[in-house]
Amino acid sequence: MQAPRVVGAPRGRAHRVRGRRHQRPLRVGHGRPGVRPRPPGRVARRARRAVRALRGLPPGDRARARVAARGAGGRVSRWKPVGPASDWTSMEERVLQRWREGDVFRTSVEMRKGHDPYVFYEGPPTANGRPGSHHVLSRVFKDIFPRFHTMRGRYVERKAGWDCHGLPVELEVEKQLGISGKPEIEAYGIAEFNAKCRASVGEYLDEWERLTERIGFWVDTSEAYRTMDTDYVESVWWSLATLHDKGLVYESDKVVPYCPRCGTALSSHEVAQGYKDVTDPSIYVKFPLRADSVAVTGGEASLLVWTTTPWTLPANQAAAISPGTDYAVVVDGDERLVMAQALVGAVMGEDAAVERVIPAADLAGAGYDPPFDLIPGRHQVVLSDFVTTDDGTGIVHIAPAFGEDDMRAAREHGLDAPNPVDRQGLFTSKVPLAEGQFVKDADRALITDLEARGRVQREKPYEHSYPHCWRCSTPLLYYAKPSWYIRTTDVRDRMLELNASVGWHPDHVRDGRFGRWLEGNVDWAISRERYWGTPLPFWRCDDCSEVTAIGSFADLRERAIGDVPDPLDPHRPYVDDIDVRCHCGGVAHRVPEVADVWFDSGAMPFAQHHHPFEGPDDLAGRFPADFVCEALDQTRGWFYSLLAEGTLLFDESPYRNVVCLGLILDGDGQKMSKSKGNVVEPWTVIDHAGADAFRWYLFTAQSPWESFRFSLDVVDETRRRFLFTLWNTYAFLVTYAALPDGWSPGDPAPPVAERSEMDRWALSRLDGTIEQVTARLAEYDPTSAGRALEDLVDDLSNWYVRTSRRRFWRSDDPADTAAAFATLHECLTTISLLVAPFCPFVADEMWGNLVASHDDTAPPSVHLADWPAPGARRDEQLERAMAAAMEATTLGRSARKEAKLKVRQPLAEAVIACPPSTARELEGLTGIVAEELNVRDVRFVTDAGGLVQVSLKPNYRTLGPRMGPNMPAMADAVAALDPTATVQVLDAGGTVTVSVNGNDEVLGDDDLLREVRPSEGYAVAEGGALAVGLATEITPELEMEGLARDLVRAIQNARRDADLKVEDRIRLHLDGSARIREAIDAHRGWIAGEVLATELTVGHGVPFTPLHREDGEIDAEPVAISLSRA
RNA sequence: GGGCGAUUAGCUCAGGUGGUUAGAGCGCAUCCCUGAUAAGGAUGAGGUCCCAGGUUCGAGUCCUGGAUCGCCCA
């Protein structure tokens, strides 16, 4: 960072900070699993160390630093020069370094110990892949609220967590090892395989932690929970055993979505993630009815059955029809086909000939020839409720092994559930023509065979969305197999009840997406026939089949037959080798399954603290969470598993507030994906724009749950608009405060009540913004909070600083200068506090330079400071008036533009036409307006006289409700009023009466809105309740003043070209045309003052040796400028 | 097929409880400033508020239906 040209800048100190950088290579936030709790004294020591590190000084150096910083004026300046905003990322890295050295995060948490806890749960990511931009999104939202509440005095523990188990990890290892599928894993060895999984979990941990730190996500990674840790697994066992002992766990043969590649069933929320649009062959198959049904159908006929899964046809056991529905016999060439009468048109065409109609009941029991005569079965028509006439033919082929409805129908009708498909999804020898083929691949061969036998009426490709494995994309099969279930349906109503009190953001998730999902809750299938997961703690007895659930390792040791290794790795295959003594005396073996990983993550509220093994109060102040936050897709994932486990185990929702986040899309609104190559890597954004800009964009771009159209450009724009504006304002203050006759915090300044309107307005806006930001953040709405801050910073920069600039260097009124400094300093200091949860880097940088370095008693970091409270400086009338002044200025500029009168040319007066009340409010602000518009005088016209034209409009807001349908007539009556006369009556406090549809209506001042505008002779612009007119005549005097202004501008340019410092005094010599010299004579004193000339001479011959000389033109007349340092 | 959400300027987005002339940033055009200067600012052009009905004195806002897009589910 380059030091600007500022006298008295404490350069030496900045260098010292830099010099210390690598002395203490602390790695806050790196995995140190063995760290023990610290003795209490260390907190205080750490705080002291933090102070030293943040001030950038060992204590003994302070005095020397002060001496070094002594400016020309002999005062102590502790200001650090502010570099250009373009050095943003290096600024962030220096702040990061200070945090590390000062252990600021830990200090910020521990200094609030004993205060009201604010509980945050980290939803654990899996660290076996690189973190992407969407992870930055969730991590910064997880950061902002804990920071906010910490500053508000809450004790906010933030324990990081990592999801370690599950298929994603296994898949990664399979890829690594070049193997695929369960047989190969088992051949490789479960112990070795799981060891690889364990190692793979942490593969990208470094990168995750590096990114986490760099984006300023404060979370304690040193004592992160990991779902594979022994303690964690033990807590999960406790929960599963508890549920088992409550009778909420059962095993059942159910048709489940099953991934043949992964060899495991998937839970409904996993299935939910894998729907894809695919085109499958769909066929209309003929099931010829047997001779015994000729009486019903009136001759030979076939059932017409529609299926999109031809591969299930070999397992056909029955054909189901809808009870109470009429079926039709339709002639199709030389064949007769049976289908639901309602569907004949859709299937066969509108002109199909219906030969006969048969009630469903008459058709029931009819026998037919199965599509493949490979597997024995009943092959009869059965009635079943689930059959509809929405699509297909109204006749459904039943393969009980492959469908939930099929299985239910099979149970009702006592059918078998033969399954000719093995666990890998391959046909067994029961289906010779497709033996060894994957079922989906066998469709073609099966259809060909059916066609050869004349069984296919028609084939058409069918596009539909079909579930696929969310990890490996294999199409799922619905498959009957034994699985372990948790009876969540028992607590469904309770979950709904608890959900109703959760603060969802956006709130429609509560009753919409999530609520409706809960209403349709089904029991949770928690078993997975896999390897790397929490082993189900269930042991089944060889003799009595009873299941024993083990809820702790102590329990396991007690009941184990033989020795249990110490330490125990509670994973497969080690726990598989341990047998347990059953109550009946028999030997029990562990069931082979592991738990759904969603059960792991849903257990984190208690498992991260090793509940209940750490004592009776191990969850005190840690359950439930005040706040969790994840992407919207977690409604059926983590949000559900948390709620289900919380309800089942504690009868409480584990979270009080949820913030849902949207998808990150690319700049064109496309999903980011590696294959499209449109992924924006987080490091690209950070290296280019910095973490603050990244964060600010994510917080303020739009509602968090909307999709983000994300690109480097939008972050950059955000940065320019907000962060650079803030930085420039901050740099402005520091630059002038650090001047020799500048200012320091604590210097005496007039009390607020005695400061100018401008100051009081800025502080009023500040108070209003404090209120707003606080309220919005408390309601989990960083977007509105951030926008309020943007408005404030914009007002400060583009109105306050813009109009107050010269107060900061003019020394003719020291009290006013001090007031300006004090006001801007207060604003920026408070903004650094308000911005701290959003953009922690710039906030801390500002705080350090604005507060900490001047006040040894202040917190050394903004993140150790308290959240600001408004200071009763709100003045809404002043804010209204200032808004009107801004409006008047805008209108005046517009009028100037229209009249082609440049701002540098002074004009005699501006006339503001407005209602009297506005004029009264604006009165104190005319100086500002006059200066902005460069007019000598600002005058108000409110009377309806020669200068002003008034028009009246009805106030719909007051008159509308009163008049109702008579409102149009009222509008006409108002239009018919004489505006001038009416306004005179109203201004005298009177009322006017108009007749509307025969009724007299009394109108007061509030009922009529005035529009006033100056008439004749002015350049006018109007808008809202104001109109501004400018006197357009340029007198010779004004012309001279305009020339003088031009001269000053030219001299300032010359100063710059001569490389002078802003505060350098000069000797100045001017020469030019007679008109120019006239202007100089008329404004000599003013010009000299403006350009800091101690000496001003005019004419031929420069009386000193010029340092710099410039010839130019003003208004097409020559001018020569010579100057040197005084 | 069902649920939820979205649709406002060329682009990205704001627009409590219905109320006078619908806003901002970017981009564009025309300029200004030169003591925030490797910055800053102004003015202007640009909108059938997705469509069609309805409620109302009055609809971007409320209701009904539809279209398109996204997410989720069958």
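By convention in this document, chain letters (A, B, ...) are assigned in the order of the sequence lines, proteins followed by strands, and residues within each chain are numbered from 1.
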Checklist entry - Out of G35(B), G41(B), C57(B), which has the shortest distance to the side chain of Y736(A)? => result G35(B)

Checklist entry - Quick one: W705(A) CH2 to C71(B) P, roughly how many Å, whole number? => result 19 Å

Checklist entry - Do the side chain of D813(A) and the main chain of D816(A) share a donor and acceptor less than 3.5 angstrom apart? => result yes

Next on the checklist: Quick check: do W809(A) and R805(A) have side-chain heavy atoms less than 4.5 Å from each other?
Outcome noted: yes

Checklist entry - Roughly, in whole Å, what's the span from CG in L518(A) to P in C72(B)? => result 18 Å

Next on the checklist: Considering every strand and a 4.0 Å limit on heavy-atom distances, what is the contact class for N728(A): base, sugar-phosphate, or nothing?
Outcome noted: base

Next on the checklist: Classify R787(A) by what it touches in the nucleic acid, base, sugar-phosphate, or nothing, heavy-atom distance under 4.0 Å.
Outcome noted: sugar-phosphate

Item to check | Nearest-Å distance once atom P is located in both U30(B) and A67(B) | outcome: 46 Å

Next on the checklist: Any base atoms under 4.0 Å from S711(A), or only sugar-phosphate, or nothing? Heavy atoms, all strands.
Outcome noted: nothing

Checklist entry - Would Y640(A) and W524(A) count as a close aromatic pair, with their ring centres under 6.0 Å? => result yes

Checklist outcome for this item: Side-chain atoms of E717(A) come closest, of G35(B), C26(B), G19(B), to C26(B)

Checklist entry - Do R709(A) and C11(B) share a donor-acceptor pair, side chain to base, under 3.5 Å? => result no

Next on the checklist: Can you say whether a donor on the side chain of S797(A) sits under 3.5 Å from an acceptor on the base of A36(B), or the other way round?
Outcome noted: yes

Checklist entry - Who does C11(B) pair with, Watson-Crick or G-U, both distances under 3.5 Å? => result G25(B)

Checklist entry - What does P961(A) touch in the nucleic acid at a heavy-atom separation under 4.0 angstrom: a base, only the sugar-phosphate, or nothing? => result base

Next on the checklist: Can you tell me the base-pairing partner of C31(B)? Count Watson-Crick or G-U wobble geometry only, both distances below 3.5 Å, and say none if there is no partner.
Outcome noted: G41(B)

Checklist outcome for this item: In whole angstroms, the gap separating P of G35(B) from CG of D1059(A) amounts to 13 Å

Item to check | Value in whole Å for how far the C1' atom of G23(B) lies from CG of D791(A) | outcome: 12 Å

Item to check | Validation row: R636(A), R513(A) side chains within 4.5 angstrom (heavy atoms) | outcome: yes

Item to check | Ionic contact status for E519(A) with R492(A), cut-off 4.0 Å | outcome: no

Checklist entry - Taking any strand in view, what nucleotide pairs with G1(B) in a Watson-Crick or G-U wobble way, both distances under 3.5 Å? => result C73(B)

Checklist entry - Can you tell me the Watson-Crick or wobble partner of G47(B), both distances under 3.5 angstrom? => result none

Checklist entry - Between W727(A) and F732(A), does the ring centroid distance fall short of 6.0 Å? => result no

Next on the checklist: Taking the minimum atom-to-atom distance to the side chain of R805(A), which one of A36(B), U20(B), G25(B) wins?
Outcome noted: A36(B)

Checklist entry - What interatomic distance, in whole Å, is found between P of A36(B) and the corresponding atom of C28(B)? => result 26 Å

Checklist entry - So which nucleotide from C4(B), U34(B), G41(B) ends up closest to the side chain of N798(A)? => result G41(B)

Checklist entry - R904(A) CZ to C31(B) P: how many Å, rounded? => result 14 Å

Next on the checklist: Heavy atoms only, 4.0 Å cut-off, all strands: where does L1092(A) land among base, sugar-phosphate and nothing?
Outcome noted: base

Next on the checklist: Is R1056(A) close enough to G35(B) that one of its side-chain N or O atoms is under 4.0 Å from OP1 or OP2 there?
Outcome noted: yes

Checklist entry - Under a 4.0 Å N-O cut-off, is there an ion pair linking E779(A) with R776(A)? => result yes

Checklist entry - Taking any strand in view, what nucleotide pairs with U20(B) in a Watson-Crick or G-U wobble way, both distances under 3.5 Å? => result none

Checklist entry - Which is true for Q702(A) with a 4.0 Å heavy-atom rule: it touches a base, it touches only sugar-phosphate, or it touches nothing? => result sugar-phosphate

Next on the checklist: On RNA chain B, does the nearest nucleotide to G964(A) precede the nearest nucleotide to T725(A) from the 5' side, or the other way round? Give the residue.
Outcome noted: T725(A)

Checklist entry - Side chains of T958(A) and D1007(A): do they bring a donor and an acceptor to under 3.5 Å? => result yes

Next on the checklist: Just the rounded figure in Å: distance from C1' of A6(B) to CZ of R513(A).
Outcome noted: 12 Å

Item to check | Rounded interatomic separation in angstrom, taking CG from L1030(A) and P from U43(B) | outcome: 13 Å

Checklist entry - Where the side chain of S703(A) is defined as all heavy atoms beyond and including C-beta, which of U43(B), A14(B), C26(B) is the nearest nucleotide? => result A14(B)

Next on the checklist: Under 3.5 Å for both donor-acceptor distances, Watson-Crick or wobble: does U64(B) have a partner, and if so which one?
Outcome noted: A52(B)

Checklist entry - Between atom CZ in R720(A) and atom P in G40(B), what is the gap in whole Å? => result 9 Å

Next on the checklist: So V509(A), base contact, sugar-phosphate only, or nothing? Heavy-atom distance under 4.0 Å.
Outcome noted: nothing

Checklist outcome for this item: Per atom distances to the R516(A) side chain, the nearest of C4(B), A36(B), C72(B) is C4(B)

Item to check | Nucleotide of C57(B), G41(B), U34(B) approaching N1053(A) most closely (side-chain heavy atoms) | outcome: U34(B)

Next on the checklist: Is the phosphate of C71(B) approached by S707(A) (side-chain N or O, under 4.0 Å from OP1 or OP2)?
Outcome noted: no

Next on the checklist: Considering every strand and a 4.0 Å limit on heavy-atom distances, what is the contact class for T718(A): base, sugar-phosphate, or nothing?
Outcome noted: nothing

